[in-house]
Amino acid sequence: YARLLEQMLNSSRTTSAYSIKLAGTCRQAEEYLDKETPQIIILDLNLPDSSGLVTLQRIRERAHDAPILVLTGSEDEQLGLQAVSLGAQDFLVKQYVKPFSIRRAVQYAKERKRFEDTTLRLSAIHDFMSALAHDMKAPLVGEEQILNAMISGHVGEFSHQQLQLLKTLKRGCNSQLSLVNKLIEI
């Protein structure tokens with residue numbers, strides 16, 4: 001079936017040729033993935049040494065960032081949903097695979113994986129920026145409270161010139177707090 005799949009993938013003149021590395025067992029695939037990261041993994045869930053979702057889990061552990069397209073003889077929709085929830089980008093039933101559908105599934109799987117990776121990176125950036133903004137805000141709030149106490153005379157008297165300097169510092173502090181609050185909103 002792997003050779004037929006390779007012919008289907010390479011039957012179009014509009015897409016670039018695919019080079020398929022065939023692994024007859026899950027162990028062979030794991031060994032290959034320990035050394036290489038393919039552009040995409042087309043995974044049959046039923047191999048001589050592994051079957052079902054266990055096969056997907058074993059390959060997922062070594063797939064690095066490669067998208068996984070599950071290919072199986074089973075028409076079980078629940079199995080397909082479980083495969084996707086375990087990290088597969090798509091689930092195809094062998095008897096319904098045609099050249100156009102496999103090429104499209106490969107392209108879509110690669111795009112979904114790219115989108116997923118981008119989303120994860122953006123989420124990590126968001127988390128970092130939120131933590132940074134919080135860490136920046138805490139001392140600014142403290143500074144603002146100290147400046148308010150000084151300006152209102154709670155810590156002693158200041159000359160007119162000193163009060164003007166304190167008010168300038170407070171405006172700068174408020175400006176920084178405003179920027180940090182905007183960062184938090186983003």
Side-chain angles (χ1 to χ4, degrees), residues 16 26 29-43 45 50 52-71 76-92 103-186:
S16 57
C26 191
E30 289 170 327
E31 289 170 0
Y32 174 79
L33 292 171
D34 285 342
K35 296 179 231 152
E36 302 286 333
T37 302
Q39 287 186 326
I40 190 165
I41 297 168
I42 300 175
L43 179 66
L45 290 183
S50 184
L53 295 174
V54 171
T55 306
L56 174 60
Q57 290 169 325
R58 286 175 62 182
I59 296 304
R60 181 82 245 148
E61 289 173 8
R62 288 184 163 86
H64 310 287
D65 289 330
I68 298 176
L69 182 61
V70 170
L71 193 64
D76 183 355
E77 285 185 35
Q78 197 61 29
L79 179 65
L81 290 172
Q82 288 175 318
V84 170
S85 73
L86 288 172
Q89 264 59 51
D90 205 347
F91 178 87
L92 297 175
R103 287 192 307 269
R104 185 182 66 198
V106 165
Q107 290 303 317
Y108 286 6
K110 288 166 60 176
E111 280 303 307
R112 277 191 292 275
K113 180 63 176 168
R114 187 185 64 73
F115 179 76
E116 178 184 297
D117 291 346
T118 300
T119 301
L120 287 173
R121 277 194 298 278
L122 289 174
S123 178
I125 290 168
H126 177 268
D127 292 348
F128 170 76
M129 294 303 286
S130 292
L132 178 64
H134 179 269
D135 290 349
M136 290 171 62
K137 185 175 182 174
L140 289 171
V141 169
E143 181 182 326
E144 181 185 40
Q145 290 172 348
I146 292 169
L147 287 169
N148 283 336
M150 293 172 81
I151 291 169
S152 64
H154 293 326
V155 293
E157 294 294 319
F158 291 95
S159 71
H160 176 72
Q161 187 178 11
Q162 289 171 324
L163 279 173
Q164 292 307 311
L165 289 172
L166 289 172
K167 288 178 181 178
T168 301
L169 285 173
K170 184 178 177 197
R171 282 192 300 276
C173 179
N174 287 340
S175 176
Q176 289 177 352
L177 271 171
S178 175
L179 287 173
V180 169
N181 285 331
K182 286 179 184 176
L183 185 62
I184 290 171
E185 289 173 11
I186 293 173

Looking only at heavy atoms, what is the nearest atom pair of [X] and [Y], with distance?
X	Y	answer
L45	F91	CD1-CE1, 4.4 Å
L56	A83	CD2-O, 3.4 Å
T37	A63	CG2-O, 4.3 Å
A109	P67	O-CB, 3.7 Å
A133	V180	O-CG1, 3.3 Å

To the nearest 0.5 Å, how far apart are [atom1] in [X] and [atom2] in [Y]?
X	Y	atom1	atom2	value
L166	N148	CG	CG	10.5 Å
L86	R60	CG	CZ	10.0 Å
Q107	R103	CD	CZ	10.0 Å
I68	I42	CD1	CD1	11.5 Å
L179	K137	CG	NZ	12.5 Å
S178	Q176	OG	CD	10.5 Å

Would you list the atom pairs, donor with acceptor, under 3.5 Å between side chains in residues 118-129 and any protein atom, with sequence neighbours excluded?
unit_1: T118; atom_1: OG1; unit_2: R114; atom_2: O; d: 2.9
unit_1: T119; atom_1: OG1; unit_2: F115; atom_2: O; d: 2.8

Is there side-chain contact between [X] and [Y], with at least one heavy-atom pair below 4.5 Å?
X	Y	value
L43	T55	yes
I146	V155	no
V84	Q89	no
D90	Y108	no
L169	M150	no
K170	I151	yes

> Under 3.5 Å, side chain of H64 to main-chain N/O of L33, donor-acceptor pair present?
Replying inline: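 Side chain of H64 to backbone of L33, a donor-acceptor pair under 3.5 Å: yes, one is there.
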
